[in-house]
Amino acid sequence: MGLIRDSDAAEIRQRLQEMVHPVKLVHFTQELNLEYGREARQLLEDLAGLSDQLSLEVYNFLLDKDKVAEYGVDKVPATVVRNAKDYGIRFYGLPAGYEFSTLLDAILSVSKGDSGLEAQSKQKLAALTQPLHLQVFVTPT
Amino acid sequence: MRLAHRFAIESDLIKADCIEATEFPDLASRYRVYAVPKTVINDSASVEGALPEEFFLDRVLKAVEPAANSQAQGQAGGP
């Protein structure tokens, strides 16, 4: 059974038609995961099935050490949203509820390769000289 | 959260993690997350709540480049 309702699937499929370039979801899970691990994977599998432009790769956090290192993932479930380029976008945990729409937003932005930010923001970010790590804590509701 | 991801797309220097707080209680506790959204910046500063793009970006940049930002505020006439 899928985690995405049919009525939602139609709407999501429509939103994903905005995609310009292919996007890859790289998911890290582990057996003996917490209760959310299996659900997260199922959700991503369902989602990837809704667009030809969207693909899913799944790795094991304990076994696929090269990939874990490559993506700098330090906890699971983890999901990377990337196109040909890895922008440093990660989701940790099950992207359900409100966060699911955040995931869709990330997929569309990455697919377009455009942040969609205001010109002024782009200018300020271009002047950045130091690495920035943003950790945004959210809850599903 | 959308903004953090958009910042990451715009700048190669920025990484943006979306962390489900209830699934990572230890981390949420370490960063004293009592309300969401809460954005932790380089393990040091933080921003609580959802802010409009301009304000959120300024708060984020202020955390890493305080000197440059206070100068900009000075030019704007201060508080």
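Throughout, protein chains are lettered first and strands after them, A, B, ... in sequence-line order, and every chain is numbered starting at 1.
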Colleague: Quick one: of Ala16(B), Ser46(B), Ala8(B), who has the most non-hydrogen atom pairs under 4.5 Å with chain A?
Modeller: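 Highest number of heavy-atom pairs under 4.5 Å: Ala16(B).
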Colleague: Looking at Val110(A), Thr129(A), Asp114(A), which one has more heavy-atom pairs under 4.5 Å with chain B than the rest?
Modeller: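 Most pairs with chain B among the choices: Thr129(A).
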Colleague: Does either side chain, that of Thr102(A) or that of Glu99(A), offer a donor lying less than 3.5 Å from an acceptor on the other one?
Modeller: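 Distance-only check passes for Thr102(A) and Glu99(A).
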Colleague: Looking at Phe137(A), I'd like to know if the NZ or CZ of Lys38(B) sits under 6.0 Å from its six-membered ring centre while staying within 45 degrees of the ring's axis.
Modeller: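 No; the conditions do not both hold, so Lys38(B) does not lie above the ring face of Phe137(A).
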Colleague: State, without any angle test, whether Thr22(B) and Glu20(B) hold a side-chain donor-acceptor pair at a distance under 3.5 Å.
Modeller: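 Yes - a donor-acceptor pair under 3.5 Å links their side chains.
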Colleague: Which pair of non-hydrogen atoms, one from Asn83(A) and one from Gly113(A), has the smallest distance, and what is that distance?
Modeller: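 The pair with the smallest heavy-atom distance is ND2-CA, 4.5 Å.
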Colleague: Side chains of Arg90(A) and Tyr71(A): do they bring a donor and an acceptor to under 3.5 Å?
Modeller: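 No - no donor-acceptor pair under 3.5 Å links their side chains.
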Colleague: What part of Tyr31(B) gets closer than 4.5 Å to chain A, counting heavy atoms only: side chain, backbone, both or neither?
Modeller: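 Side chain only.
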Colleague: Looking at Val33(B), Asp43(B), Val47(B), which makes the most heavy-atom pairs under 4.5 Å with chain A?
Modeller: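 With the most close heavy-atom pairs to chain A, the winner is Val33(B).
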Colleague: Between Leu3(B), Leu27(B), Asp12(B), which has the largest tally of heavy atom pairs under 4.5 Å with chain A?
Modeller: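 Looking at each option in turn, the highest pair count goes to Leu27(B).
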Colleague: Is Glu45(A) salt-bridged to Arg41(A), going by a charged N under 4.0 Å from an acidic O?
Modeller: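 A salt bridge is present here (some side-chain N lies under 4.0 Å from a carboxylate O).
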Colleague: Using non-hydrogen atoms only, which part of Thr79(A) is less than 4.5 Å away from chain B: side chain, backbone, both, or neither?
Modeller: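 No part of it gets close to chain B.
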Colleague: For the interface with chain B, which of Ala106(A), Gly116(A), Ser109(A), Pro95(A) has the highest count of heavy-atom pairs at distances below 4.5 Å?
Modeller: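 Result: the option with the highest number of such pairs is Ser109(A).
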Colleague: Pick one of side chain, backbone, both or neither for Ile41(B), based on which atoms fall under 4.5 Å of a heavy atom in chain A.
Modeller: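 It is both, since atoms from each part get that close.
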Colleague: Less than 4.0 Å between a side-chain N and a carboxylate O, is that true for Lys75(A) and Glu23(B)?
Modeller: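 Judged by the 4.0 Å cut-off on N to carboxylate O distance, Glu23(B) and Lys75(A) do not form a salt bridge.
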Colleague: Given a strict heavy-atom distance threshold of 4.5 Å, which part of Asn42(B) is in contact with chain A: side chain, backbone, both, or neither?
Modeller: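 Contact with chain A is through both the backbone and side chain of Asn42(B).
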